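Reading through the structure tokens given below for one structure.
Hydrogens, waters and symmetry mates are skipped; everything else that's a heavy atom, side chains included, is used. So you know, we letter chains A, B, ... as the sequences are listed, proteins then strands, and number each from 1. Computed from a predicted structure; not experimentally measured.
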Protein chains: 2
Amino acid sequence: MSTDHLKSVLKNHNLRVTDCRIDVMEYFLDEKSALSQGDLESKLTGYDRVTLYRTLNNFLESGILHKIPNESGSATYGLCHDTCSPEGHMDNHMHFKCNRCGQIECLDKKTVPEVSLPTGYQVESVNLIVDGVCVKCA
Amino acid sequence: MSTDHLKSVLKNHNLRVTDCRIDVMEYFLDEKSALSQGDLESKLTGYDRVTLYRTLNNFLESGILHKIPNESGSATYGLCHDTCSPEGHMDNHMHFKCNRCGQIECLDKKTVPEVSLPTGYQVESVNLIVDGVCVKCA
DNA sequence: ATAGTTTATGCAACTTAATTGCATTTACTG
DNA sequence: CAGTAAATGCAATTAAGTTGCATAAACTAT
Ligand SMILES: [Mn+2]
Ligand SMILES: [Mn+2]
Ligand SMILES: [Zn+2]
Ligand SMILES: [Zn+2]
């Protein structure tokens, strides 16, 4: 993934091109797993915590990242598909959390099943998280 | 739900009967929705927040409550079925989060579907959270 | 019922994540 | 290259989560 491509992704989402945003995007592309703010702070030590925090929020609002629900305290984020935008997220895939290594990954190939709810409930989005042991830790 | 019954629930889970634990259980039974530690602190003002914190943890380990994954910072908890124990949780139902009122509720009647993962993944548990608009807010 | 033992509670203190304001620097527009 | 809008760094604040320890309460066994 070239830097020029990353720049065009940012521009397509109406975000200015900055070093921090490029580095954060590259980090997400390099890693297979979802990342938390703490992960960014450990890896990208050249940036202030608040800058990383705001980068995550900007990416979230722009549709570059999606937030993954979990049971632990800190939020984790995964890369969105190209089809995501501020208007809504289109990537309805499952997520997997390994109970050994703790990593959370996007199962892009696994779409979440349709759900039907009792009368009166309006469904807007569905999140499905599988816990278990990942391939590497098995 | 009588207080005597609540006491027997505590004893069945090898927990001592205390005012705080009774009050917390009653609160969960009165509310239809899942609750966070902040909810307990607002409602049960007579107890220290550390005591409420430890009560939630004890109930979690004992199988009286289960933790519900979410995207916000603070954890939320729901009442377990009688079949849950420290050895494992047996209530594999969906959860619903209303984007209007923010409440999270257990859909006890809706069991999560079976999922099949790529080769090498070991599935231990599945969480399914539906976001949308609840009956009251529709 | 009571003494002895175990557990729960309250309080203080600490860690960490999340969040905001503001001055300064940087990126974009023309 | 100048002007404008946005991003960054730093300081400071809020809130959740967590632990240690002394005291109070719950249980157990006389
Ligand atoms: Mn994902
Ligand atoms: Mn539930
Ligand atoms: Zn693993
Ligand atoms: Zn609602």
Give the rounded distance in Å between these two atoms: CG of B:L40 and P of D:dA16.
12 Å

CG of B:L52 versus P of C:dA8: gap in Å, rounded?
15 Å

Tell me: CG of B:D23 to P of C:dT9, nearest whole Å?
11 Å

Looking at the side chain of A:D48, which of D:dG9, C:dG10, C:dT9 is the nearest nucleotide?
D:dG9

Parallel under 30°, tilted from 30 to 60°, perpendicular over 60°: which one fits the rings of B:H93 and B:H66?
perpendicular

Is there a donor-acceptor pair under 3.5 Å between the side chain of A:R21 and the backbone N or O of A:R16?
yes

side-chain N/O A:T51 vs D:dG9 OP1/OP2, d < 4.0 Å:
yes

Taken to the nearest whole Å, CG/B:N70 to P/D:dA16 is 13 Å

Just by protein heavy atoms under 4.0 Å, how would nucleotides 16-30 of chain C read 5' to 3' in B, S and -?
--BBBB-----BS--

Proximal nucleotide (of C:dT9, C:dC11, D:dT8) relative to the B:T55 side chain:
C:dT9

Here the distance between atom C1' of D:dA7 and atom CG of A:L56, to the nearest Å, is 15 Å

Take atom CG of A:N14 and atom C1' of D:dA7, then tell me their distance rounded to the nearest Å.
16 Å

Return all side-chain donor-acceptor pairs below 3.5 angstrom for residues 126-138 of chain B, not counting sequence neighbours, or 'none' if the list is empty.
unit_1	atom_1	unit_2	atom_2	d
B:K136	NZ	B:Q103	OE1	3.3

State whether the side chain of A:D39 and the backbone N or O of A:L35 hold a donor-acceptor pair below 3.5 Å, judged by distance alone.
no

Side chain proximity check, B:Y47 to B:D23, heavy atoms < 4.5 angstrom:
yes

Provide, to the nearest angstrom, the distance between the CG atom belonging to A:N58 and the P atom belonging to D:dA5.
18 Å

Is the distance between the ring centroids of A:Y77 and A:F59 less than 6.0 Å?
no

